[in-house]
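Below, read A as the first sequence line, B as the second, and so on, with proteins coming before strands; counting in each chain starts at 1.
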There are 2 protein chains.
Amino acid sequence: MGEVCMDTEGTSVKMNKKELVRKKNQTLLLDAAEALFSTLGYDRTSVSLIAAKAKVPKANVLYYFKNKENLYSAVLERIMSGWGVGLVDLSAEDEPAQALYQYIRFKVRVSCEFPAQSRLFTTEIIRGAPHLGAHLREQTRPWFRNIITVIQAWIDAGKIRPVDPSHLLYMIWSSTQYYADYQTEVFILENKLEYEDSDIESITQSISKVILTGLGLEVPELN
Amino acid sequence: MGEVCMDTEGTSVKMNKKELVRKKNQTLLLDAAEALFSTLGYDRTSVSLIAAKAKVPKANVLYYFKNKENLYSAVLERIMSGWGVGLVDLSAEDEPAQALYQYIRFKVRVSCEFPAQSRLFTTEIIRGAPHLGAHLREQTRPWFRNIITVIQAWIDAGKIRPVDPSHLLYMIWSSTQYYADYQTEVFILENKLEYEDSDIESITQSISKVILTGLGLEVPELN
DNA sequence: TAATTAGTTGACCATTCGGTTAGTCTTGCT
DNA sequence: AGCAAGACTAACCGAATGGTCAACTAATTA
């Protein structure tokens with residue numbers, strides 16, 4: 001079966017059986033590793049556990065990924081690249097209220113629906129970002145700088161009240177991510193067992209209302 | 001030397017030499033353990049490392065704390081009790097602007113000045129709070145409910161705009177704690193190596209401005 | 001002071017883990 | 001078919017770790 005996929009240079013190539021098997025096993029292992037790393041953490045996840053979850057011999061895991069750290073890095077990279085698609089690119093021409101509201105909504109939904117990934121990322125940062133440091137410097141930072149510029153342009157144009165753009169972004173990131181990382185605490189305090197759609201809605205509304213009002217904006221209507 | 005200290009019931013007692021030694025060694029070990037757990041995490045902190053840091057034989061560590069988990073729990077408990085003193089108790093009679101502003105200021109300072117403790121706490125929650133679950137249910141929850149009531153009273157009295165009090169509190173917690181947990185990311189994005197007093201000030205101002213304005217309040221003057 | 005209790009410690013152990021190796025099997029190519 | 005390259009795997013290994021134990025010392029008490 002001649003399948004088609006994107007190689008690292010982005011050109012489409014036909015893969016022979018070996019390459020196909022390789023790809024299949026890699027994603028198989030990445031899936032197992034991601035699930036385990038994100039629930040147990042790096043140290044409590046043993047290579048043999050990953051192997052068992054993926055139903056392959058342990059040595060096979062080390063065959064595809066030279067060592068445990070390597071596999072962990074690969075998992076993180078895949079998560080980061082997966083997040084890239086959702087990262088709304090703001091531009092100075094956008095309406096701040098609409099843009100920020102949509103962004104907050106998106107981040108709340110991701111936090112509530114994929115909390116494990118968020119937690120894995122947070123753990124990595126808390127540890128000092130040993131594997132993602134380069135990614136933060138080379139990928140996140142330029143993107144961050146760009147957003148800062150946009151927000152500053154909004155301020156200069158009088159579209160929103162003057163606030164330090166960095167701290168505004170941190171507020172959005174932290175208050176949305178909170179529902180993933182602190183899920184355990186939230187559930188205890190709220191006496192809940194899971195997030196429902198109505199929770200996601202009310203979280204989005206609450207955060208949006210405070211932040212947008214704080215910026216002198218109105219919360220846009222739902223379309 | 002007849003020293004005096006508070007026992008668990010809060011009554012002052014004279015301790016003989018053995019009890020004194022016991023207390024001294026316990027805090028010695030707790031200090032070493034806290035420093036290591038908060039920088040290396042639970043699994044990468046070995047009992048022998050703690051022993052080395054405290055300059056006592058490894059077996060002595062296990063003598064005072066039955067096992068590693070026990071010691072870890074003790075460290076967490078001590079941190080939580082230490083935070084208790086700083087937790088401003090709000091009351092419905094307080095001026096919301098003043099009270100919230102002071103609370104935000106306090107939390108930002110703690111996050112920037114003692115980030116390791118905050119990170120240890122966050123890690124515990126991310127892991128599902130295996131050791132602090134009871135504390136959250138029995139200590140934090142009642143306190144949380146109380147604050148919720150106060151905020152709701154403010155809303156009912158028309159002192160602040162209507163917002164879900166829970167989500168408001170989460171916003172304050174998350175946006176202040178962020179500077180501890182995500183310190184690594186913040187430093188990379190801001191091209192900094194440490195928080196300075198001016199940073200603490202500007203963080204406090206930014207967060208306060210957005211949240212208080214979002215609640216229809218003015219940021220109070222510094223006294 | 002004698003006896004009992006508590007503190008201290010080096011040596012030791014079972015287990016687990018990440019990683020290696022040596023050898024077998026499968027696939028693709030000529 | 002035959003061969004080289006890559007896929008696969010059982011068995012093994014050294015290192016580290018949490019925890020135990022028996023022996024020894026110091027302090028408290030009767």
**OP:** Kindly determine whether A:Y178 and B:H167 satisfy side chain to side chain donor-acceptor pair (under 3.5 Å), including the steps that lead there.
**Re:** CA-CA 10 Å; A:Y178 189 82; B:H167 296 316; over 6 Å; no

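Going from atom OH of A:Y64 over to atom P of D:dG6 covers 13 Å, rounded to whole Å. One can place OH of A:Y42 at 13 Å from P of C:dC17, the figure rounded to the nearest angstrom. We find that CG of A:L49 is positioned 13 Å from C1' of C:dG18, with the value rounded to whole Å. Rounded to whole Å, the distance from NZ on B:K23 to P on C:dA6 is 17 Å. When the P atom of D:dG18 is taken as reference, atom CD of B:E69 falls 11 Å away, rounded to whole Å. Across the protein-nucleic acid pair, B:K24 atom NZ and D:dA26 atom P stand 15 Å apart, rounded to whole Å. Atom CG in B:L62 sits about 14 Å away from atom P in D:dT17, given to the nearest Å. Between A:L29 atom CG and C:dG18 atom P there is a gap of 14 Å when expressed in whole angstrom units.
Atom OH of B:Y72 sits about 9.5 Å away from atom OG1 of B:T45, to the nearest 0.5 Å. Atom-to-atom distance recorded for A:S175:OG and B:L168:CG is 11.0 Å, nearest 0.5 angstrom.
Counting only heavy atoms from C-beta on, A:A59 has its side chain closest to D:dT9 among D:dA7, C:dC17, D:dT9. Proximity note for B:N60 (side chain, C-beta onward) versus C:dG19, D:dG19, C:dT9: the nearest is C:dT9. Closest to the side chain of A:S48, out of C:dC17, D:dT20, C:dT9, is C:dC17.
The side chain of A:Y63 places no N or O atom within less than 4.0 Å of a non-bridging phosphate oxygen (OP1 or OP2) of C:dT20. Contact annotation: B:N67 side-chain N/O to D:dG18 OP1/OP2 distance is not under 4.0 Å. Phosphate proximity of D:dG6 to A:R22: absent, as no side-chain N or O sits under 4.0 Å from OP1 or OP2. Applying the 4.0 Å criterion to OP1 and OP2 of D:dC8, one finds that A:N25 has a side-chain N or O inside that range.
Taking only distance into account, the side chain of B:K58 never meets the base of C:dG10 through a donor-acceptor pair shorter than 3.5 Å.
Here the closest non-hydrogen pair linking A:S38 and A:A35 is OG-O, 3.2 Å.
Between A:L71 and the options A:V47, A:L62, A:L76, A:I50, a side chain to side chain contact (heavy atoms under 4.5 Å, CB included) holds for only A:I50.
B:V21 comes within 4.0 angstrom of sugar-phosphate atoms only, judged by non-hydrogen atoms across all strands, and of no base.
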